[in-house]
Chemist: 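Sharing a structure, written as structure tokens. Questions coming.
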Protein chains: 2
Amino acid sequence: MKLNTKSRYAVMALADMAVFSRDNAVSLRDISLRQGISLLYLEQIFLKLKKNNIVKSVRGINGGYILIKTPKELKILDILLALDQKVKTVGCKKDSKKSCNGKSTKCITHNFWDELDFHINSFFENKKLSDLLKNKEARH
Amino acid sequence: MKLNTKSRYAVMALADMAVFSRDNAVSLRDISLRQGISLLYLEQIFLKLKKNNIVKSVRGINGGYILIKTPKELKILDILLALDQKVKTVGCKKDSKKSCNGKSTKCITHNFWDELDFHINSFFENKKLSDLLKNKEARH
DNA sequence: CAAAAACTTGACTATTTTAGTCGGGTATAT
DNA sequence: ATATACCCGACTAAAATAGTCAAGTTTTTG
């Protein structure tokens, strides 16, 4: 039950941008230094974020990336989907024909996994990037 | 964001037992046939379920496994833990010393991942095996 | 214009995890 | 006795993951 590091770093990098950008583009080099993430790896991640319209890029000197939406509007779910991190915890259910374990009938636990996925999905759907920043140093 | 098949099959097999046992032991062979799970694989899974006191075994002819708790009492979380399926979606946090990304300070997204884990954990904690059986054919 | 900063992109690879099998046991009811 | 069913460690093929590399292109600034 793990999230891949790409998704994790993506959220981390975007949170960094939300904190440090003041309308200016934020370079991957800066994010890399601040968050301790490999620059090469960040490049790969931002490629996907760009393709999925989470950020836009500015080339050349003083270039970098800019959030397309405000942190208040940006759902965490959108970030995960951009990194191909689907919330589908279990294989059974692809299509409705031969759904579970190769059989044509729904398996005994089918609805339970559906519920689980829905539960997790809702969490990511309701959380916005701005929510991460609030409690940065709050709590205990 | 996937559950491994061992956990999935474990839940499935235990649900099967809950449905088909009438105080008698349920053999893995029967579960294998009914649920379409490899017998050899089931053996591996039940070894862990036994070690973690989810089931007890009866050897010899007419042997099999018996649920230790009633389906109403058996938390799904206990099943997952028995299969080493920890709900810890992200690497940062092992110990409190050098927690995130090798750094000594909590990463910017740390609390968020904690919340996520808590959210998922609660789900598994509150769901009992008996809950899976109720809505087997219910809903839509 | 030249050079440097920074984005662009596909391919590649080592490591780890996963899913599942195999073989050779042991216990027990009939 | 023997068949059934649990017991258990070791093994392996395949897939996923994490991350690197190479070779660009674009744009700003001096």
Side-chain angles (χ1 to χ4, degrees), chain A residues 1-10 12-13 17 21 24-33 35-52 54-68 80 83-86 88-92 101-102, chain B residues 1-10 12-13 17 21 24-52 54-68 80 82-86 88-92 101-102:
Chain A
M1 204 70 185
K2 280 225 174 340
L3 212 65
N4 62 23
T5 59
K6 269 184 192 154
S7 306
R8 178 185 156 203
Y9 287 161
M12 212 164 160
M17 285 178 69
S21 90
N24 52 311
V26 179
S27 73
L28 295 189
R29 188 174 154 279
D30 286 352
I31 298 177
S32 168
L33 289 173
Q35 303 300 332
I37 305 170
S38 147
L39 175 59
L40 290 163
Y41 208 25
L42 278 176
E43 285 182 350
Q44 231 190 84
I45 291 166
F46 273 76
L47 205 65
K48 295 204 175 197
L49 291 176
K50 191 189 171 190
K51 271 186 190 152
N52 287 277
I54 309 288
V55 296
K56 59 188 173 188
S57 66
V58 180
R59 302 187 91 170
I61 268 183
N62 291 324
Y65 289 92
I66 298 175
L67 288 170
I68 289 182
L80 300 187
L83 274 294
D84 308 316
Q85 182 72 248
K86 301 239 179 57
K88 177 160 32 163
T89 51
V90 138
C92 63
N101 230 11
Chain B
M1 204 71 184
K2 279 225 177 337
L3 213 65
N4 62 24
T5 58
K6 268 184 191 155
S7 306
R8 177 184 157 203
Y9 287 161
M12 213 163 158
M17 286 177 69
S21 90
N24 52 311
V26 179
S27 74
L28 294 190
R29 190 174 153 279
D30 285 352
I31 298 176
S32 168
L33 290 174
R34 279 193 296 256
Q35 303 301 331
I37 305 170
S38 146
L39 175 60
L40 290 163
Y41 208 25
L42 277 176
E43 284 184 351
Q44 230 190 85
I45 291 167
F46 273 75
L47 209 62
K48 296 205 173 196
L49 291 176
K50 191 189 172 188
K51 270 186 189 149
N52 288 277
I54 309 286
V55 296
K56 59 187 173 187
S57 65
V58 179
R59 302 186 91 170
I61 267 182
N62 291 326
Y65 289 93
I66 298 174
L67 287 169
I68 289 182
L80 300 186
L83 274 296
D84 309 315
Q85 181 73 245
K86 302 238 179 54
K88 179 160 30 163
T89 51
V90 138
C92 64
N101 230 12

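In the text below, chain A, chain B and the rest are named by the order of the sequence lines, each starting its count at 1.
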Chemist: Step by step, would you call B:F46 with B:I31 a side chain to side chain contact (heavy atoms under 4.5 Å, CB included)?
Modeler: CA-CA 11 Å; B:F46 273 75; B:I31 298 176; 4.0 Å; yes

Chemist: Is the phosphate of C:dT8 approached by A:K50 (side-chain N or O, under 4.0 Å from OP1 or OP2)?
Modeler: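 Yes, because at least one side-chain N or O of A:K50 sits under 4.0 Å from OP1 or OP2 of C:dT8.
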
Chemist: Measure the distance from CG on A:L40 to C1' on C:dC7 and round it to the nearest whole Å.
Modeler: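 Going from A:L40 (CG) to C:dC7 (C1'), I get 13 Å.
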
Chemist: Only pairs at least two apart or in different chains count here, so list each salt bridge (Lys or Arg N to Asp or Glu O under 4.0 Å) that has a residue in residues 37-49 of chain A.
Modeler: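 Passing the test, one end in residues 37-49 of chain A: A:K48-A:D84.
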
Chemist: Given C:dT8, D:dC8, D:dT20, identify the nucleotide with an atom nearest to the side chain of B:E43.
Modeler: D:dC8

Chemist: Is there a donor and acceptor pair, one atom on the side chain of A:R59 and one on the base of D:dT25, closer than 3.5 Å?
Modeler: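 Flag set: donor-acceptor pair detected.
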
Chemist: Return whichever of A:V26 or B:Y41 has its heavy-atom-nearest nucleotide of DNA chain C closer to the 5' end.
Modeler: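 On the 5' side of the pair lies A:V26.
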
Chemist: Using atom NZ of B:K56 as one end and atom C1' of D:dC7 as the other, report the distance to the nearest whole Å.
Modeler: 18 Å

Chemist: I need the CG-C1' distance between A:L83 and D:dT17, as an integer number of Å.
Modeler: 13 Å

Chemist: When the distance from CG of A:L47 to C1' of C:dA11 is rounded to whole Å, what number comes out?
Modeler: 13 Å

Chemist: Rounded to whole angstrom units, what separation is found between the NZ atom of A:K2 and the P atom of C:dT15?
Modeler: 21 Å

Chemist: What pair of heavy atoms forms the shortest contact from A:S38 to A:S32, and how long is it?
Modeler: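 Taking every non-hydrogen atom into account, C-OG, 4.2 Å.
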
Chemist: Taking N and O atoms by type only, does the side chain of A:Q44 place a donor or acceptor under 3.5 Å from a partner on the base of C:dT9?
Modeler: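 It does not, because no donor-acceptor pair links the side chain of A:Q44 to the base of C:dT9 below 3.5 Å.
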
Chemist: B:L83 and B:L49: side chain to side chain contact (heavy atoms under 4.5 Å, CB included), yes or no, with the steps?
Modeler: CA-CA 7 Å; B:L83 274 296; B:L49 291 176; 3.7 Å; yes

Chemist: Taking CG from B:N24 and C1' from D:dT4, how many angstroms apart are they, rounded to a whole number?
Modeler: 16 Å

Chemist: Check the distance between C:dA6's P and A:Y65's OH and give it to me in whole angstrom.
Modeler: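 Roughly 12 Å, once rounded to whole Å.
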
Chemist: Would you say A:T5 reaches D:dA18's phosphate, i.e. side-chain N/O to OP1/OP2 under 4.0 Å?
Modeler: yes

Chemist: CG of A:D30 versus C1' of C:dA6: gap in Å, rounded?
Modeler: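 That distance rounds to 11 Å.
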
Chemist: Mapping A:R29 and A:M1 to their closest nucleotides on DNA chain C, which lands nearer the 5' end?
Modeler: A:R29

Chemist: Do you know which two heavy atoms are closest between B:L39 and B:R29, and how far apart they sit?
Modeler: CD1-N, 3.8 Å

Chemist: Where the side chain of B:I61 is defined as all heavy atoms beyond and including C-beta, which of D:dT20, D:dA3, C:dC7 is the nearest nucleotide?
Modeler: D:dA3

Chemist: Would you indicate what A:F46 reaches in the nucleic acid, counting non-hydrogen atoms under 4.0 angstrom: base, sugar-phosphate, or nothing?
Modeler: nothing

Chemist: Any side-chain N or O of A:S38 below 4.0 angstrom from OP1/OP2 of D:dT20?
Modeler: yes

Chemist: Between B:S57 and A:N62, which has a closest nucleotide on DNA chain D that is more 5'?
Modeler: B:S57

